[in-house]
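Just below is one structure, and these are the notes that go with it.
Atoms considered below: every heavy atom in the structure, side chains included; atoms not considered: hydrogens, waters and symmetry mates. Throughout, numbering of the chain's residues begins at 1 and tracks the sequence.
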Amino acid sequence: MVQIEIPKGENYGAEWERRKYVPKDGEPELPPQIAQFANKGADEVMQELNRLPFFMTKLDETDGEGGENTELEALKSLAYEGEPEEIATNFKNQGNDCFKAKQYKNALIYYTKGLEVDCGVDELNKALYLNRAACNLDLRNYRRCIEDCKKALLIDEKNAKACFRSGKAFLAIDRLDEAKQILEYGLGFGENADLKILLDKVEKKIAEVQEQKSKKEHQLKEQQMKQEILTTSMKLRHIEVVKSINPPEIIKEAKIRLEDPMDYQSQLIFPALILYPTIDEFDFIAEVSELSTPLEILELILNRPKEWFDEKHKEFHVKTLVCFMETISGGLVKIGKKIEINQALMKDTPKVPLFDGALKLYVVPKSEADSWPSQWNKFAALQARKELQ
């Protein structure tokens, strides 16, 4: 063993001065080894040291200016000296060291280099494929993991690790049937706790997916049945629906429904748009029953503070209003305030439809009940409907 004696006490300073670098005439102020770092920061120094193979923490293949790192190239050439099996084993060992340090990308590179050697030794190649599969699994390269496991199984068809890692990768990408198949295949060669635990997890996921699928199918069938019942109910009532080219935003999300969606004889419920054309205003009710009367609707929406009934609205009292509905031919028909809405909708002549699934009720003061209908533009009303596009 070589021992270095360190001077102590009072002689230490003198010894340091004796060994201190003192440049002679024509020599640099600092030794060449240190001078290159003199004006560089800590990060730059570490970057330079990283280029030296002994200090490397990551691969640096340049000389710092885009050229070749000659020292590294020398080490690379040494890595390929020896018999193919020896070279492949060396790469495998380096890969294992990186894997233990969780440097999965570097480990993957070493395992790949080991396979590229093509050493012809099945056991070694199998280990390289399995180890690379483990790297790909941790790096979430699931399809590459599966491919490596397949290649390992071509060498050893009973390999449990290959079955487990490919099963885990299949599970990660939701290819559950394939995950189950490969795990059952592996268990066919004997009991394996890891394979069994993973298989149970896969089967549980398959059951959950199947349950969700069945639930969705049931919901879809139920929705279809409800829609069929609603359609039948509308037909039996002789109620028609007309679609507009540009329906009002407020009724776009509104829906017709049955009070009991599974009973076509239960009440129809739909939204109502109450329009006041003489003052260019409207009200909206999200849901009214087909058994409601215009009078009940007006009593509901005109239950307002006295301040609302100003000069503009002075004639808008329940008793002083007249109701109209648009017909399927584009005209208008006066509706009695005390009749149920469904009586107007079910009558064949004149035919009054729902518009975009909503009741459309025009309300004008009695003083304008004769003049306003004469201003109605039948052609414009028909043009606004989708059927005439």
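- Residue pairs that meet the side chain to side chain donor-acceptor pair (under 3.5 Å) test with at least one member in residues 162-173, sequence neighbours left out, do not exist here.
- In this structure, Lys360 satisfies the cation-pi test against Phe355, with its NZ or CZ atom closer than 6.0 Å to the six-membered ring centre and inside 45 degrees of the ring normal.
- Across every non-hydrogen atom of Leu230 and Ile256, the tightest pair is CD2-O, 3.5 Å.
- Scanning for side-chain contact (heavy atoms from CB on, under 4.5 Å) contacts around Glu178 gives Phe170, Arg175, with sequence neighbours left out.
- In this structure, Glu147 pairs ionically with Lys150, as a charged nitrogen and a carboxylate oxygen lie closer than 4.0 Å.
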Derivation of the salt bridge (charged side-chain N to carboxylate O under 4.0 Å, His left out) call for Lys161 and Asp194: CA-CA 9 Å; Lys161 285 184 180 178; Asp194 290 336; over 6 Å; no

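- Grouped by direct or indirect side-chain proximity (heavy atoms under 4.5 Å, Ile/Leu/Val/Met/Phe/Trp/Tyr only), Leu220 sits alone.
- Considering only residues two or more places apart in sequence or on other chains, Leu187 meets the side-chain contact (heavy atoms from CB on, under 4.5 Å) condition with Asn192, Leu195, Lys196, Leu199.
- Rounded to the nearest 0.5 Å, atoms CD (Glu85) and CG (Asn90) are 12.5 Å apart.
- The aromatic rings of His317 and Phe309 sit parallel, their planes meeting at an angle under 30°, below the 60° perpendicular limit.
- What you find for Cys145 and Ala169 is that their closest heavy atoms are SG-CB, 4.0 Å.
- Residues meeting the side-chain contact (heavy atoms from CB on, under 4.5 Å) test with Phe284, sequence neighbours left out: Ile250, Ile251, Pro271, Leu273, Ala286.
- Under 4.0 Å is where a charged nitrogen must lie from a carboxylate oxygen, and between Glu311 and Lys314 at least one such pair does.
- Evaluation of the side-chain contact (heavy atoms from CB on, under 4.5 Å) rule for Asn96 yields Lys92, Asn93, Tyr111, Asn131 as partners, not counting sequence neighbours.
- Transitive grouping of hydrophobic side chains (ILVMFWY, heavy atoms separated by less than 4.5 Å) brings Val318 and Ile301 into a common cluster.
- Between Lys226 and Glu222 a salt bridge is recorded (basic side-chain N to carboxylate O distance below 4.0 Å).
- We find that Glu249 and Lys252 are joined by a salt bridge, their nearest charged nitrogen and carboxylate oxygen being less than 4.0 Å apart.
- More than 12 heavy atoms of other residues, nucleotides or ligands sit less than 6.0 Å from atom CD of Gln375.
- Close placement of the Trp372 and Tyr362 rings is indicated, their centers lying within 6.0 Å of each other.
- Separating the SG atom in Cys323 from the CD1 atom in Ile335 is a distance of 8.5 Å, to the nearest 0.5 Å.
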